[in-house]
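Presented below is the structure to which this report refers.
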Amino acid sequence: MRFKPSTIKDIALALNLSTSTVSRAMRDSYEISAETKKLVLDYAKKINYTANPIARSLKERRSYSIGIIVSEIANNFYSQVINGVESIAHNKNYQVVISQTHESAEREKMNVEYLSSRSVDGLLISLSSETNNIEYLKTLHNQGYPIVFFDRIPEDFDTFKVTSNNFKGAFDATEHLILNGHRRIAHLTNSKSLSITKERLAGYQGALKKHHIAYDENLVKFSEYGGMHMQEIDEAIDALFQQKFDAIFISGDKLSTGYLMYSKKKYPTLLSKIAIAGFTNSNVVSIFSPSLTVVRQPAFEMGKVATDLLIQMIEAKRPITEYETITLETELIDEKDLKL
């Protein structure tokens with residue numbers, strides 16, 4: 001049996017009222033008496049009536065929903081961003097529709113097209129590692145569709161963007177390793193095309209340069225899908241262990257856990273001798289062994305800021321023509337300061 005929701009017409013028929021009277025009573029109109037309002041609201045509650053969001057969106061030309069597109073929900077950073085998004089959206093009476101790309105540019109495009117065609121009012125997007133063509137997004141945005149990018153952001157796109165200070169986070173982590181006596185520092189990172197990869201690599205190189213350590217490209221390994229496929233991490237780690245290094249800076253959550261899991265299995269003796277620092281928003285990082293120095297991103301705050309900006313765009317009376325990129329600061333936490 002197909003579910004059939006109650007409608008204003010059903011209420012009007014049951015109470016022998018006009019649909020316009022019921023509609024006004026539901027909106028608390030001054031034109032309707034308190035007695036009639038109570039009659040309508042009590043009956044609506046009795047039959048579990050809820051307003052039809054499709055009808056509302058057709059009338060107001062707005063769905064009061066926003067979409068968020070991420071690579072993977074099962075990622076500490078993105079789950080925290082989504083919590084931030086929902087905290088703002090809920091307070092402003094917007095629903096959140098979540099979609100995953102699994103690092104696929106094709107799936108990202110399909111998700112964008114699906115959400116935008118289903119009257120979702122605007123999109124929050126963190127680009128997939130495969131994405132290298134965003135012309136379709138520019139076309140959509142130029143037609144007036146609100147889009148805000150966060151974390152993984154494009155360079156040539158005139159809209160609001162929210163990101164972390166990736167350069168400083170990487171610089172601080174690498175310098176921390178140097179100040180603790182390490183000179184051969186490897187770097188395990190994401191796809192070369194991503195903004196976060198470029199910025200974190202630059203921060204790593206900047207710290208090496210400051211301390212007069214030569215940059216060795218053999219100590220840098222890229223992971224095209226950011227550790228989503230374990231094989232790519234295994235191959236990168238095997239290549240690194242062909243080199244001599246005494247510390248490693250890792251650029252993301254999945255890469256950090258992947259490095260620890262594979263190295264414990266294949267290089268347990270060497271693993272214990274190598275210091276680790278890296279970006280991770282894991283809530284259980286204190287139980288990692290060996291321990292690591294952590295760069296934390298303000299994920300919850302990033303979600304809040306990006307959502308605020310998107311809703312500003314959606315609700316603006318006139319087109320917004322001036323945009324900014326907001327950079328939030330990272331936090332370096334020494335392994336000795338991590339608490340169980």
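Side-chain heavy atoms closer than 4.5 Å link hydrophobic residues (I, L, V, M, F, W, Y) into clusters, and following such links, possibly through other members, connects Val22 to Leu41. With hydrophobic clusters built from ILVMFWY side chains whose heavy atoms lie under 4.5 angstrom apart, Tyr215 shares a cluster with Phe245. At a threshold of 4.5 Å between side-chain heavy atoms, the hydrophobic network of Ile, Leu, Val, Met, Phe, Trp and Tyr places Ile125 and Val305 in two separate groups. At a threshold of 4.5 Å between side-chain heavy atoms, the hydrophobic network of Ile, Leu, Val, Met, Phe, Trp and Tyr places Ile82 and Phe300 in two separate groups. In the hydrophobic clustering of this structure, Tyr262 groups with Leu260; members are Ile, Leu, Val, Met, Phe, Trp, Tyr whose side-chain heavy atoms approach within less than 4.5 Å, directly or through other members.
Counting only heavy atoms from C-beta outward, the side chains of Phe160 and Leu310 never approach each other to under 4.5 Å. At least one side-chain heavy atom of Leu309 sits less than 4.5 Å from a side-chain heavy atom of Ile326. Under the 4.5 Å side-chain criterion, counting only non-hydrogen atoms from C-beta, His182 is not in contact with Ile178. Residues Leu271 and Tyr259 are in side-chain contact: their nearest non-hydrogen atoms beyond the backbone lie under 4.5 Å apart. Counting heavy atoms from C-beta on, the side chains of Leu124 and Val85 come closer than 4.5 Å. Two residues are said to be in side-chain contact when any heavy atoms from C-beta on lie closer than 4.5 Å; Leu123 and Val148 fail this criterion. Side-chain contact check for Lys92 versus Tyr64: every heavy-atom pair is 4.5 Å or farther apart. Within the 4.5 Å cutoff, no side-chain heavy atoms of Ser251 are placed close to those of Leu188.
Residues Thr307 and Ala89 share a closest heavy-atom pair of CG2-N, 4.1 Å. Residue Leu332 comes nearest to Ala173 through the heavy atom pair CD1-CA, 3.9 Å, listed as atom of the first residue, atom of the second, then distance. Nearest heavy-atom pair, Leu240 versus Ala186, reported as atom, atom and distance to 0.1 Å: CD2-CB, 3.9 Å. For the pair Ile276 and Ile250, the tightest heavy-atom approach, listed with the atom from each and the gap, is CG2-CD1, 3.9 Å. Annotation for Val295 and Gly169: closest pair CG2-O, 3.5 Å, computed over non-hydrogen atoms. Taking both residues in full, the closest heavy atoms of Ser119 and Ser65 are given as O-OG, 4.3 Å, listed atom of the first, atom of the second, then distance.
Within 6.0 Å of the NE2 atom in His211, the count of heavy atoms belonging to other residues, nucleotides or ligands exceeds 12. The 12-atom threshold is exceeded at CD of Glu113, counting heavy atoms of other residues, nucleotides or ligands nearer than 6.0 Å. Within 6.0 Å of the CE atom in Met110, the count of heavy atoms belonging to other residues, nucleotides or ligands does not exceed 12.
Using a distance-only test at 3.5 Å, with no hydrogens or angles considered, no donor-acceptor pair links the side chain of Thr174 to the main chain of Phe171. A donor-acceptor pair under 3.5 Å is absent between the side-chain atoms of Thr197 and the main chain of Ser193, judged by distance alone. At distances below 3.5 Å, at least one donor-acceptor pair connects side-chain atoms of Asp246 with backbone N or O atoms of Arg184. Remark: side-chain polar atoms of Thr131 are not paired, donor with acceptor, to backbone N or O of Leu127 under 3.5 angstrom. Formation of a donor-acceptor pair under 3.5 Å by the Gln100 side chain with backbone atoms of Ile73 is found in this model. Of the possible donor and acceptor atoms, none in the side chain of Thr36 sits under 3.5 Å from a partner among the backbone N and O of Ile32. At least one donor-acceptor pair under 3.5 Å links the side chain of Ser79 to the backbone N or O of Asn75. For the pair Asn91 (side chain) and Ser87 (backbone), a donor-acceptor distance under 3.5 Å is present. Although no hydrogens or angles enter the test, the distance criterion places a donor-acceptor pair under 3.5 Å between the side chain of Asp253 and the main chain of Asn281. Distance alone, capped at 3.5 Å, places no donor-acceptor pair between the Ser164 side chain and the Asn166 backbone.
One finds the CD atom of Gln205 at 10.0 Å from the CD atom of Glu217 (value rounded to the nearest 0.5 Å). Distance check: Arg24 CZ to Ser18 OG gives 7.0 Å after rounding to the nearest 0.5 Å.
There is a side-chain donor-acceptor pair under 3.5 Å between Asn165 and Glu329. Using modelled atom types, one finds no donor on one side chain facing an acceptor on the other under 3.5 Å when comparing Asn83 with Tyr78. With no hydrogens or angles considered, no side-chain donor-acceptor pair links Thr280 and Ser282 at under 3.5 Å. Between the side chains of Thr101 and Ser104, no donor N or O sits under 3.5 Å from an acceptor N or O. Looking only at atom types and distance, the side chain of Ser191 has no donor-acceptor partner in the side chain of Tyr225 under 3.5 Å away. A donor atom on one side chain and an acceptor atom on the other are found under 3.5 Å apart for Glu103 and Ser129.
Checked for salt-bridge contact, Lys304 and Asp308 miss the test: no charged N lies under 4.0 Å from a carboxylate O. Under a 4.0 Å N-O distance rule, the pair Glu72/Lys254 qualifies as a salt bridge. Salt-bridge annotation for Glu199 and Arg152: absent, with no side-chain N of the basic residue lying under 4.0 Å from a carboxylate O of the acidic one. A salt bridge links Glu135 to Lys138: at least one charged side-chain nitrogen sits closer than 4.0 Å to a carboxylate oxygen.
Ring-plane geometry between Phe249 and His187 is classed as parallel, the angle between the planes falling under 30 degrees on a 0 to 90 degree scale with a further cut at 60. Between Tyr267 and Phe241, the angle of the ring planes stays under 30°, which puts this pair in the parallel group of the 30/60° scheme.
For Arg296 and Phe279, the positive end is not near the middle of the six-membered ring at less than 6.0 Å and at most 45° from its axis. Geometrically, Lys161 does not engage Phe150 in a cation-pi contact defined by less than 6.0 Å to the ring centre and at most 45° from the axis.
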Test log, rule side-chain contact (heavy atoms from CB on, under 4.5 Å), inputs Tyr204 and Leu201: CA-CA 5 Å; Tyr204 162 80; Leu201 177 60; 4.0 Å; yes

Intermediate values then yes/no, side-chain contact (heavy atoms from CB on, under 4.5 Å), Glu155 and Lys198: CA-CA 12 Å; Glu155 294 178 6; Lys198 297 171 185 176; 3.8 Å; yes

Full working for salt bridge (Lys or Arg N to Asp or Glu O under 4.0 Å) between Lys266 and Asp238: CA-CA 9 Å; Lys266 191 163 182 184; Asp238 283 337; 3.3 Å; yes

Verdict with supporting geometry, Thr293 and Ile333, side-chain contact (heavy atoms from CB on, under 4.5 Å): CA-CA 6 Å; Thr293 296; Ile333 306 174; over 6 Å; no

Check against side-chain contact (heavy atoms from CB on, under 4.5 Å), Val96 and Ile66: CA-CA 5 Å; Val96 179; Ile66 59 175; 4.2 Å; yes

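For Tyr145 and His141, the ring centers sit 6.0 Å or farther from each other. Aromatic ring centres of Phe149 and Phe157: separated by under 6.0 Å.
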